[in-house]
Number of protein chains: 2
Amino acid sequence: MGKPIKVVTKTFKVIEILNQGKGISLKDLAQQASLPKPTAFRILDTLLSLGYADQDAATQQFRLGSKFLTFVKSSSAGADIIALAKPYMEKLGEAYGETINLARLTGDQIIYVRVLESDHSFRISDNIGDRASVHSTAIGKAIAAFLPEPQLKEILNTTTFTSFTRKTIIDEASLRKHLVLVKLQGYSVDDEEGHDGVLCIGAPIFNKDNLPFAAMSISMPKVRAKKKVLDNMIRDLPKVAVQLSLDLGVTDIRKCFGKEPS
Amino acid sequence: MGKPIKVVTKTFKVIEILNQGKGISLKDLAQQASLPKPTAFRILDTLLSLGYADQDAATQQFRLGSKFLTFVKSSSAGADIIALAKPYMEKLGEAYGETINLARLTGDQIIYVRVLESDHSFRISDNIGDRASVHSTAIGKAIAAFLPEPQLKEILNTTTFTSFTRKTIIDEASLRKHLVLVKLQGYSVDDEEGHDGVLCIGAPIFNKDNLPFAAMSISMPKVRAKKKVLDNMIRDLPKVAVQLSLDLGVTDIRKCFGKEPS
DNA sequence: TAATGTCGTTTCACATAGTGATATATACGT
DNA sequence: ACGTATATATCACTATGTGAAACGACATTA
């Protein structure tokens with residue numbers, strides 16, 4: 001790989017900082033990005049002129065431009081999977097009346113790309129674009145369990161095992177042990193590990209290279225998670241995920257669940 | 001405004017081309033971007049190294065990286081409005097059982113940022129991230145009607161009045177005439193102008209500068225759009241939109257609907 | 001109101017960093 | 001094996017981005 005273009009790298013650093021919050025001053029931004037003020041300013045100015053950043057008229061603060069919304073679709077198979085998953089998600093939603101989530105792995109994070117909300121007034125619901133960590137979600141664990149070792153290692157190295165509840169898995173060793181179980185089962189369970197009172201089951205979705213890159217999950221208040229219902233979900237959800245993987249171009253699903261992807 | 005950084009401008013041109021489709025070869029991309037191949041390559045190479053582009057191992061084609069999903073939230077008040085709108089959308093959804101849309105104006109396009117689907121099996125539904133044009137949607141017309149003349153002009157200049165149905169407004173003069181009516185009413189109606197058999201009503205949402213930047217709409221099959229129901233919607237929807245504008249920091253709502261924003 | 005501080009923004013001489021015609025590598029088809 | 005399509009690599013040239021310093025606008029204080 002050749003040398004990356006420096007300005008572009010800097011530009012994305014700026015964009016990532018803009019993405020952290022609602023607004024930031026030039027001074028703070030330059031500082032966080034470790035860039036001289038004029039350099040940061042020129043980058044912002046360019047983004048402004050392209051519509052990828054906005055400047056608040058009153059406070060003069062800078063923020064990401066709404067033009068970034070343009071990229072929601074088509075982000076690398078994003079469009080595909082969302083469209084293909086829709087009917088399955090609706091079927092699951094109708095069958096169980098709980099919230100169905102679809103999320104992708106991006107770097108070391110889980111990003112929700114589609115959420116079908118339950119119509120219960122007492123329900124669990126994340127929003128599209130929300131981010132979550134791998135170690136505390138059914139989705140994350142479903143994906144992680146089937147990742148090739150090098151990539152898993154990379155993710156776990158950058159993961160901070162934040163504790164959200166008393167049941168959150170907070171060290172790598174326990175997580176790895178847990179992932180072995182997930183791999184055996186073919187689905188993952190998050191039993192109040194992300195939020196108290198919330199139970200979630202997840203199943204991995206594979207791309208045509210037999211690699212897990214997304215997952216689907218059903219989340220519900222634990223009080224509604226009766227054994228019988230759960231058993232049915234554990235039967236249906238992985239089935240749906242497999243079907244979706246096949247739709248996405250997986251030819252031999254056994255390779256996905258096997259020990260090592262070819 | 002100073003001179004924009006050229007590489008950055010080129011980079012976003014490349015990104016926008018990548019965003020158009022599922023995958024593209026270096027050759028085609030360089031051609032579409034009017035860039036020499038090595039230049040295009042270096043830009044792609046940089047995006048690759050940053051994770052903002054992917055290259056298909058088999059076909060060698062390039063596409064946008066999923067890392068762009070990271071920017072879905074926090075795109076300029078995007079997060080705010082979505083969170084604030086949620087309860088209102090749910091209330092409308094419960095009240096009428098039809099699909100409720102929330103969309104923003106970005107450039108000359110409408111981008112859906114949240115969709116709450118009706119539970120009718122016969123329903124209208126766009127997806128989050130979908131784009132639509134101003135002239136053919138209730139959302140677009142609701143926003144356009146309250147835009148200051150210079151911005152409206154700019155949008156209409158770049159608009160191609162694509163005809164979707166026999167009722168689509170296909171020239172600027174008719175649209176402007178129509179917008180006067182919308183401004184008077186305070187809400188917009190799309191009567192089979194985007195899709196045959198689909199009726200939609202929309203109301204504008206203003207930001208703290210009293211400018212319309214988003215809108216909410218209710219869409220339904222025309223067969224279900226009975227006069228009585230419509231009358232209720234036309235009463236409720238603008239009320240909700242006004243409330244949302246106030247939540248977003250508008251202090252004097254009359255200024256928004258007045259002749260010229262101060 | 002003058003003095004001081006703190007921003008965002010502009011300037012400009014300098015050299016680094018990006019350019020792109022050309023060359024090479026690699027894959028595939030015949 | 002040859003031709004032809006790619007995607008990559010090279011490298012001399014100079015256009016382009018750099019950042020210290022200066023500027024202007026506004027706010028805060030004396």
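In the text below, chain A, chain B and the rest are named by the order of the sequence lines, each starting its count at 1. Only heavy atoms go into these numbers, but all of them, side chains included; no hydrogens, no water, no symmetry mates.
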Distance test, side-chain N/O of A/Q60 to OP1/OP2 of D/dA27, below 4.0 Å: no
Selection from D/dA7, C/dG20, D/dA21 that lies nearest to any side-chain heavy atom of A/P38: D/dA21
Closest approach to the side chain of A/R42, judged atom by atom: which nucleotide of C/dT9, D/dT18, D/dT8 is it? D/dT18
Validation row: B/I205, B/L102 side chains within 4.5 angstrom (heavy atoms): yes
Expressed as a whole number of angstroms, how long is the span from B/K6:NZ to C/dA17:C1'? 14 Å
Are the charged groups of A/K153 and A/E172 less than 4.0 angstrom apart, N to O? no
With respect to the side chain of A/T39, which nucleotide from C/dT19, C/dT9, D/dT18 is positioned closest? D/dT18
How many whole angstroms separate atom NZ of A/K10 from atom P of C/dA17? 7 Å
Quick check: on DNA chain D, is the nucleotide nearest B/S25 upstream (toward 5') of the one nearest B/V8, or the reverse? Name the residue that is more 5'. B/S25
Between A/K27 and B/V7, who's closer to the 5' end of DNA chain C by nearest nucleotide? A/K27
Of the nucleotides D/dA9, C/dG20, C/dT9, which has the atom closest to the B/P36 side chain? C/dG20
A/I100 vs A/Y88, test: side chain to side chain contact (heavy atoms under 4.5 Å, CB included). Steps then yes/no. CA-CA 10 Å; A/I100 317 293; A/Y88 295 119; over 6 Å; no
For A/I43 and C/dT9, what is the distance between atoms CD1 and P respectively, to the nearest whole Å? 15 Å
What is the ring orientation for B/H135 with B/F164, classed by angle as parallel under 30°, tilted 30 to 60°, or perpendicular over 60°? parallel
Between C/dT9 (C1') and B/I5 (CD1): distance, integer Å: 14 Å
Nucleotide nearest B/Q55 when distance is taken to its side chain, options C/dT19, D/dT18, D/dA7: D/dA7
Of all the nucleotides listed (C/dT9, D/dA7, C/dG18), which has the minimum atom distance to the side chain of A/K37? C/dT9
Residue B/F41, side-chain heavy atoms: nucleotide from C/dT19, D/dT8, C/dT9 that is nearest: D/dT8
